[in-house]
Structure formats: structure tokens, C-alpha cells
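Because the structure is a prediction, the values reported are computed rather than measured. Lettering of chains follows the sequences in order, A, B, ..., and the numbering in each one begins at 1.
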There are 2 protein chains.
Amino acid sequence: MSADFRTSQGGYAYHQVAEEIEAQILRGDLKPGDQLPGEAELGAMFGVTRSTVREGLRQLESDGLVHRPSPRRLEVRVPQADQLVTRAGRAMALMKVTFRELWEVTMVTEPLAARIAAERAAEEEIESLQLVHAQLVAAEGQMAHTIALDEQFHTSVAEMGRNRVLGLAREPIALLLFRGFTRIAPFAPQFYRRQIEAHSNIIAAMRDRDGDRAEKWARKHIEDFWRGAQIARLEDAIALNPSALS
Amino acid sequence: MSADFRTSQGGYAYHQVAEEIEAQILRGDLKPGDQLPGEAELGAMFGVTRSTVREGLRQLESDGLVHRPSPRRLEVRVPQADQLVTRAGRAMALMKVTFRELWEVTMVTEPLAARIAAERAAEEEIESLQLVHAQLVAAEGQMAHTIALDEQFHTSVAEMGRNRVLGLAREPIALLLFRGFTRIAPFAPQFYRRQIEAHSNIIAAMRDRDGDRAEKWARKHIEDFWRGAQIARLEDAIALNPSALS
DNA sequence: CTTGCCGCAGTGTCGGACGCTAGAGGCCGG
DNA sequence: CCGGCCTCTAGCGTCCGACACTGCGGCAAG
């Protein structure tokens with residue numbers, strides 16, 4: 001905590017500031033919700049200028065460990081899922097992953113999501129899922145709407161399983177994969193129908209609390225997607241122009 | 001690109017600098033490997049001071065989109081896997097995910113990894129995996145070594161499948177889960193044996209290019225782990241003290 | 001006790017300065 | 001003519017000081 005910690009560690013001062021605060025968070029000395037001292041005070045603590053402190057804070061901020069609800073308040077926070085999803089999605093897009101890679105993983109995540117959702121979803125959740133599905137049916141043939149609603153459907157299913165790890169892991173992958181629908185639909189218009197069929201069957205299985213059936217239909221659904229990708233010759237195509245990510 | 005872009009967008013200047021450069025990267029105007037202008041020059045471009053530019057760069061750096069191979073060179077780079085893994089692992093630890101959540105996902109990722117590894121691994125890769133396995137056998141009963149080698153075994157298997165998406169998705173999860181071995185081993189010492197048995201069977205299946213068998217043994221292996229977790233009453237325990245992450 | 005105003009502290013941004021070092025370019029020897 | 005060594009400089013990391021703007025707490029008035 002003293003000002004001379006810098007002698008013990010190499011690296012840049014701003015990095016050390018970030019690391020030290022990060023360590024305090026991970027160690028539990030600082031808990032989510034805690035407010036951090038002002039920049040000047042932090043500077044005094046670490047024996048560096050405000051500019052240096054600020055650079056360190058920018059890192060922590062971008063890591064999601066720290067957050068400014070208002071310009072006057074700087075507090076510790078647990079990293080938000082959407083932030084992680086964005087980062088992971090961007091990274092995968094930049095590393096030019098193929099549809100095959102995305103699909104292989106989705107082939108196991110979505111069935112799992114469907115299964116545990118069927119086992120654990122609350123009745124109202126199933127109803128609200130039905131609502132999303134109705135919208136998707138209504139969107140018949142409109143690609144942009146269809147994609148957005150499909151994403152929402154799958155994300156909702158995943159959330160109903162109450163497994164945050166699965167949610168985190170699948171989200172960026174599913175996003176990238178399903179967006180490929182843009183390039184499949186023109187070749188395989190019958191997909192809109194099959195998608196709706198699969199979704200209804202998943203919902204039905206959820207209503208019956210039939211995990212196995214939900215899982216089976218989810219698998220079928222993703223297999224179908226792959227058939228479409230094959231028709232469109234997308235198997236080893238690169239998933240997405242990264243700029244398409246928000 | 002002119003200095004007055006700030007009027008069109010809200011938010012802080014440093015954030016806009018980061019966003020603009022990020023957009024250029026995602027859009028492909030800047031490709032991985034490209035060198036960025038100096039801080040002063042960037043400042044001139046955006047009409048802000050060097051301090052402000054530096055804060056923006058710290059964000060990009062921490063996002064992994066930009067990187068300094070030497071203090072004199074600032075270049076665009078695709079985010080590195082280990083960085084993403086660390087962030088995701090930290091986030092999951094901070095959000096206090098349970099072993100159950102980790103395990104459920106691992107139950108589908110590791111079998112998939114084993115299957116595609118069996119189908120795609122090169123002979124030498126299998127040999128080097130055998131080597132890791134031999135070390136694990138030799139480490140008999142030493143928990144720390146066992147965990148490290150087990151992690152390495154599974155990570156290697158995943159790499160052999162040549163699916164970067166799977167690699168990215170499973171790594172932080174597997175890391176957190178397998179580390180739970182620390183709390184299982186004392187209750188279920190027979191685990192060392194069963195682990196070795198499973199690993200050998202996976203390797204054997206890989207040698208035979210038998211994806212199904214590899215998958216089956218991987219599943220068995222992870223199921224076993226769960227039995228151990230149950231014995232140790234860890235099902236809904238929190239995975240890990242975040243400070244234990246490097 | 002509530003409400004509105006005021007002052008202040010702290011943030012965002014700026015400009016300038018300085019030591020240090022990696023790497024470019026010149027110098028020298030082979 | 002070419003390669004290795006030395007010098008020198010551009011650019012980075014860090015520091016200092018300054019100023020406008022704005023939430024927020026405190027105070028006074030209702």
C-alpha cells in the first residue's frame with residue numbers, strides 16, 4: 001500500500017496502478033459496489049501523478065472491473081456479461097473463425113440450453129418465449145427481423161436454464177453463427193418454415209418439462225442450420241465482417 | 001477524420017479516440033500488424049492532447065486490439081486468446097458461478113473436444129499428449145502437479161480439434177472447474193486412478209481415430225468429476241476465490 | 001421538514017516539460 | 001563493398017500545473 005511498491009515490480013507505472021487495484025478487487029479487499037478514492041488521492045497512494053492514475057483507471061474501466069455511474073463516482077463492479085460477449089465476438093470475428101467452428105460448438109450448447117431450460121424454466125418464462133415465437137412467426141420472410149427474433153429466442157432459452165456460464169459461453173458464438181442466416185436464406189427459403197417448426201417443438205417440449213425432447217429438437221434445429229450452410233457453401237467461410245458487430 | 005468529429009458524437013474525448021480507432025480496425029482500414037501513428041500525431045488528427053490520446057490507447061490496449069511490441073512501436077493486433085480467457089475467468093469468478101454451472105457446460109465441451117481431436121489430431125500431437133499423460137501418471141498423488149497436468153491434457157486435446165471457438169469457450173470454464181479438484185481430492189482419493197484410466201482411454205481412442213469412443217470416455221471422465229464434487233458437497237459451491245487466478 | 005440556491009471538490013482536458021531508450025543513420029574497419 | 005559499432009534523435013513514459021464544467025453536499029429560505 002505504501003508509495004515504494006514500485007521498486008519491487010517492473011513494468012510501467014500506469015500498469016502497476018491498474019494491477020494493484022485489480023489485485024485488491026480479486027483479493028476481495030475491494031468489493032463490487034465499493035467506491036474508490038479520487039484520482040488525486042490514488043495518485044498520492046501510489047506515488048504517481050494523476051495522469052498516470054488515469055491511464056491505469058482507463059484499463060480497469062475497459063476490463064469492466066471498475067465503472068463510473070456518474071463522473072463523480074468511481075466504483076468497483078463485477079464485469080458485465082454484455083461487455084464480455086462483445087469482446088469475445090469481436091475477437092472471434094477478427095481471428096476469422098469459420099462457420100464450421102461456430103457450428104460445431106453450437107451443436108452442443110443449444111441442445112444443452114434447451115434441456116436445462118425445459119427442466120427449470122418458470123411458467124411465465126415459457127409464456128414470454130411463446131410471445132417471441134409468435135413475433136417470429138409474424139415476421140415471416142423478413143430476414144432482418146427473423147434473425148433478431150431468432151437470436152432473442154435462443155438467448156431467452158439459454159437464460160431460462162439459469163446457467164450463467166452457459167449464457168456467457170454461448171452468446172457470442174450464437175450471435176456470430178445465426179447472423180450467417182443472412183447468407184443462407186437466399187439459397188434455402190424453406191428455412192423459415194423449418195425454423196418455426198423447431199422452435200414450436202422446443203416450446204412444446206418445455207411445456208411438458210421434457211428435457212430430452214427439447215434437447216433433441218434443438219439439435220435438429222442446429223443440424224438444419226448446417227444443412228443450409230452447406231447449401232450456401234458456407235462451411236469454411238469466414239463468419240462475419242467484424243464491422244457488423246455493434 | 002477531421003478534428004471536428006467530436007461535435008457529432010457525445011461522450012468523453014478519450015473514449016471517442018478509442019472508438020474511432022476501434023472502428024477503423026473492425027472496418028478493416030487498419031489490419032493486424034499495421035503500425036499506428038505516434039501519440040502526438042494521433043492527437044493532432046483527433047484534435048486532442050497527447051494525454052487524452054494516451055487514455056484512449058490504454059483502453060484499446062486492454063481490449064487487446066492494439067499492442068506495443070516495444071515502447072517505440074504501436075501496432076494493431078487481433079485479441080489474444082489468453083487475454084480473453086483471463087478476463088472471462090475473472091468475470092466468472094467474480095460473479096461467483098457454482099460448480100454445477102461449470103460442470104454442466106464442461107459435460108458437453110470436453111466430449112466434443114475429445115471427439116474432434118480424435119478425428120483430426122496429427123500423429124505427433126497424439127504422441128506429445130501421451131507424454132503429458134506419462135507425466136501425470138508420474139505425478140501420482142501430488143495435487144498441484146496433477147491439476148496443472150490435467151489442465152494441460154484437456155487444453156491440448158481441445159487444441160487438436162482445430163476449433164478455435166471451442167478452445168476459447170471451454171478454456172476459462174475448464175480452468176475454473178478443474179481447479180476444484182483441490183477440494184475434491186481429499187474426499188475422493190480414488191480419483192487419481194480413475195482420471196488416469198479415463199485419460200488413457202481417450203488417448204487410445206484417438207489412436208484408433210475413434211471419435212465416438214473418445215467422446216464417450218471424455219463424458220465418463222467429466223461425470224466422474226461430478227461424482228467427486230458431490231462427495232465433497234461442492235455442487236452449488238462457488239467455484240473459486242478469484243484471487244487464485246493469475 | 002422540504003425546497004432551492006451556492007460553493008466546492010473532483011473530473012475531463014489541456015499545454016508544456018524532461019529523462020530515457022530503441023532504432024535509424026552515419027562511421028569505421030574488414 | 002559490406003557488416004558491425006557508435007551516435008543521435010524522435011517518441012514514449014512520467015510529471016507538473018492549470019482551468020472549465022458539473023454533481024453533490026450544505027446552507028438558507030419557505
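The listed nucleotides are C/dA22, D/dG23, D/dT14; the one nearest the side chain of A/Thr49 is D/dT14. Distance from the side chain of B/Pro71 is smallest to D/dC12 among D/dT14, C/dG12, D/dC12. In the set C/dT13, D/dT14, C/dC14, C/dC14 carries the atom at the smallest distance from any side-chain atom of B/Val48.
Taking side-chain N and O atoms only, B/Thr52 has no distance below 4.0 Å to OP1 or OP2 of C/dG12.
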Please list, for nucleotides 18-21 of chain C, all pairs of protein and nucleotide N/O atoms separated by less than 3.5 Å.
unit_1 : atom_1 : unit_2  : atom_2 : d
C/dT21 : O2     : B/Arg72 : NH1    : 3.3

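In this structure, CG of A/Leu57 is placed 9 Å from P of C/dT11, rounded to the nearest angstrom. Protein atom OH of B/Tyr12 is 11 Å distant from nucleotide atom C1' of D/dC21, rounded to whole Å. The distance from atom CG of B/Leu42 to atom P of D/dG13 is 13 Å, rounded to the nearest whole Å. Here D/dC24 presents its P atom at 12 Å from CD of A/Glu75, a figure rounded to the nearest Å. The CD-C1' distance, from A/Glu55 to D/dC16, rounds to 15 Å in whole Å. Between B/Phe46 atom CZ and C/dG12 atom C1' there is a gap of 18 Å when expressed in whole angstrom units. Distance CZ (B/Arg54) to P (D/dG11): 14 Å, rounded to an integer number of Å. Atom NE2 of B/His67 is separated from atom C1' of D/dC12 by 15 Å (rounded to the nearest Å).
Residue pairs satisfying the salt bridge (charged side-chain N to carboxylate O under 4.0 Å, His left out) criterion with at least one member in residues 127-137 of chain B, sequence neighbours excluded, are listed as follows: B/Glu127-B/Arg207. Sequence neighbours left out, the pairs with a member in residues 77-88 of chain B that pass salt bridge (charged side-chain N to carboxylate O under 4.0 Å, His left out) are A/Asp63-B/Arg87. Judged as a ring pair (Phe, Tyr, Trp, His ring centres under 6.0 Å), not a single pair has a partner in residues 56-85 of chain A (not counting sequence neighbours). Sorted by first and then second residue, the pairs that involve residues 73-105 of chain A and meet ring pair (Phe, Tyr, Trp, His ring centres under 6.0 Å), not counting sequence neighbours, are A/Trp103-A/Trp226.
Residue order along DNA chain C, read from the 5' end via each residue's closest nucleotide, puts A/Glu41 first among A/Ser51 and A/Glu41. Comparing B/Arg73 and A/Arg68 along DNA chain C, the residue whose closest nucleotide (by nearest heavy atom) sits nearer the 5' end is A/Arg68.
When all heavy atoms are compared, the tightest approach of B/Leu176 to B/Met92 is CD2-CB, 3.9 Å.
A salt bridge links B/Arg68 with B/Glu39: at least one charged nitrogen is closer than 4.0 Å to a carboxylate oxygen. Using a 4.0 Å cut-off between charged side-chain N and carboxylate O, B/Arg58 and B/Glu61 make a salt bridge.
Between B/His199 and B/Phe153, the angle of the ring planes stays under 30°, which puts this pair in the parallel group of the 30/60° scheme.
Contacts with DNA chain D (heavy atom under 4.0 Å) in residues 31-40 of chain A: none are found.
Contact of the B/Leu112 side chain with the B/Thr109 side chain is not registered, since no non-hydrogen atoms from C-beta on lie closer than 4.5 Å.
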